[in-house]
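Please read the structure below before turning to the comments.
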Amino acid sequence: MVTNYKLQTKEMPELPEVETIRRQLAEELTGYRFVDVKTEWEKSFRPSFKEVTAAIKDKTIGKIDRQAKLLIFRLDNNLDLLFHLKMTGRLLVRKPDEPTDEYTRSAFTLKKGSDIKELRFVDSRKFGFVKLIKSKEEINKLLASYGPEPLKDLTLAKFSETLKSSSRPIKLVLMDQGKISGIGNIYVNDALWLAKINPKKPAKKLRPDEVKELFGAIEKVLKEGLKYGGASDQWYRQVHGEEGKYQEHFLVYGRNGEKCSRCGETINRIGFGGRGTFFCPKCQKENRER
DNA sequence: AATCGTTCCTGATAGC
DNA sequence: TGCTATCAGGAACGAT
């Protein structure tokens with residue numbers, strides 16, 4: 001019986017991927033105006049395709065922000081258009097006459113003066129969505145439901161307090177967008193390996209030195225992800241279709257069956273909390289001594 | 001308030 | 001080789 005076969009990984013856009021896209025979209029689309037929208041999957045529009053298209057018609061894209069894995073197009077003071085890529089979403093900027101991109105679900109035609117661009121929302125799995133927010137109160141409430149941003153407003157003190165308040169496994173707490181913004185399955189696995197912490201260890205049981213190490217590890221892996229423009233193991237692409245390169249630098253994510261680069265033990269993969277969990281059984285023991 | 005289970009989807013793969 | 005069943009997963013939602 002084969003027990004050590006390599007299972008496929010399914011990378012998904014997390015903070016470094018969405019931030020990479022945000023920067024490129026801001027560069028490409030600021031000042032462009034929505035003139036038309038086409039879709040083959042109305043269900044991805046919230047509250048509805050009709051309502052979204054009516055509201056954004058002739059509106060100009062101001063700032064493009066990001067909170068956690070959510071992209072926020074600021075159209076005017078009381079109107080925001082949100083995109084969530086979930087697992088397989090892509091936002092591609094093309095000229096209207098460029099060849100079709102497979103799995104394009106919606107296409108937004110944008111104009112600035114006589115220049116025309118097309119923003120294509122590509123999403124094979126159809127989990128992603130486009131959401132219209134029509135008031136300041138509503139957007140503020142939504143953004144307030146997210147935890148602080150690593151690399152921005154998450155402090156070690158706040159991080160420590162958050163972990164102390166939960167008995168859940170550390171991996172699940174880190175991925176909880178209400179606790180901390182932007183961390184998904186790739187970076188959580190790599191950060192926990194870097195900090196030598198077992199994914200199942202209850203958050204409140206982490207020692208202060210582990211909390212500090214983990215805080216640093218999170219910053220480090222997210223910065224690496226950003227540096228390489230995200231991870232394109234499978235679906236993720238930047239706005240012109242380019243791949244990111246972080247997949248060449250995964251620490252443990254997707255490396256089950258390979259040797260741990262620190263101790264030589266075989267990287268393990270277990271199912272946990274509904275997703276693949278990669279770790280080194282030797283250097284990430286649950287009750288590791290200092 | 002915190003936590004847990006279910007659901008949405010379809011491409012890729014395992015297993016025969 | 002070709003078919004079919006299973007797996008993958010972020011987060012909204014409802015239940016506890």
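The sequence lines fix the lettering, A, B, ..., with proteins before strands; numbering per chain opens at 1.
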Stems formed with participation of DNA chain B [Watson-Crick or G-U wobble, under 3.5 Å, three or more pairs]
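So the stems come out as B:2-16 with C:2-16.
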OP1 or OP2 of [N] under 4.0 Å from side-chain N/O of [X]:
| X | N | result |
| --- | --- | --- |
| A:Ser165 | B:dA2 | no |
| A:Arg46 | B:dC8 | no |
| A:Ser166 | B:dA2 | no |
| A:Lys69 | C:dA11 | yes |

Applying a 4.0 Å non-hydrogen cut-off, can you work out what [X] is touching in the nucleic acid: base, sugar-phosphate, or nothing?
| X | answer |
| --- | --- |
| A:Thr88 | nothing |
| A:Lys86 | base |
| A:Gly276 | sugar-phosphate |

Rounding to an integer number of Å, can you tell me how far [X] [atom1] sits from [N] [atom2]?
| X | N | atom1 | atom2 | value |
| --- | --- | --- | --- | --- |
| A:Asp176 | B:dG5 | CG | C1' | 15 Å |
| A:Glu17 | C:dG10 | CD | P | 12 Å |
| A:Arg275 | C:dA8 | CZ | C1' | 10 Å |
| A:Asp233 | B:dG11 | CG | P | 18 Å |
| A:Leu172 | C:dA11 | CG | P | 13 Å |
| A:Leu85 | B:dT10 | CG | C1' | 17 Å |
| A:His84 | C:dG9 | NE2 | C1' | 12 Å |
| A:Phe129 | B:dT7 | CZ | P | 20 Å |

Less than 3.5 Å apart, any donor N or O on the side chain of [X] or [Y] sitting next to an acceptor on the other?
| X | Y | result |
| --- | --- | --- |
| A:Glu42 | A:Ser48 | no |
| A:His240 | A:Gln24 | no |
| A:Lys171 | A:Asn185 | yes |
| A:Ser232 | A:Lys245 | no |

Nearest-neighbour nucleotide for the [X] side chain, [options] considered:
| X | options | answer |
| --- | --- | --- |
| A:Tyr103 | B:dC9, B:dG11, B:dC4 | B:dG11 |
| A:Met87 | C:dG10, B:dA12, C:dA8 | C:dG10 |
| A:Asn185 | C:dG10, B:dT3, B:dG11 | C:dG10 |
| A:Gln177 | B:dC9, B:dT3, C:dA11 | C:dA11 |

Which heavy-atom pair separates A:Gly31 from A:Lys112 by the least distance, and what is that distance?
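It is O-CG, 3.7 Å.
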If I compare all heavy atoms of A:Arg74 with all of A:Leu143, which pair ends up nearest, and what's the gap?
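For A:Arg74 versus A:Leu143, the nearest heavy atoms are NH2-CD1, 4.0 Å.
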Minimum side-chain heavy-atom gap A:Pro13-A:Ile21 below 4.5 Å:
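Result no, sub-4.5 Å side-chain heavy-atom pair not found.
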Side chains of A:Arg90 and A:Tyr103, heavy atoms from C-beta outward: is any pair under 4.5 Å?
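A side-chain contact is absent here, since even the closest heavy-atom pair is not under 4.5 Å.
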Give a yes/no verdict on base stacking between B:dC8 and A:Phe127: centres under 5.5 Å, planes within less than 30° of parallel.
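Yes; by the centre-distance and plane-angle rule, A:Phe127 counts as stacking on B:dC8.
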Using 30° and 60° as the class limits, which term best fits the ring planes of A:Phe121 and A:Phe83: parallel, tilted or perpendicular?
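Taking A:Phe83 first and then A:Phe121, their aromatic rings stand perpendicular (interplane angle over 60°).
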Parallel, tilted or perpendicular: rings of A:Tyr246 and A:Tyr228 (30°, 60°)
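Judged by the thresholds at 30° and 60°, the geometry between A:Tyr228 and A:Tyr246 is tilted.
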Could you please spell out the steps behind the side chain to side chain donor-acceptor pair (under 3.5 Å) verdict for A:Ser135 and A:Asn78?
CA-CA 5 Å; A:Ser135 74; A:Asn78 300 308; over 6 Å; no
Report yes or no: is there a donor-acceptor pair, N or O only, under 3.5 Å between the side chain of A:Arg168 and the base of B:dA2?
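Check fails, no donor-acceptor contact within cut-off.
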In residues 134-153 of chain A, which ones come under 4.0 Å of DNA chain B, going by heavy atoms?
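The stretch gives none, as no residue of it lies under 4.0 Å from the strand.
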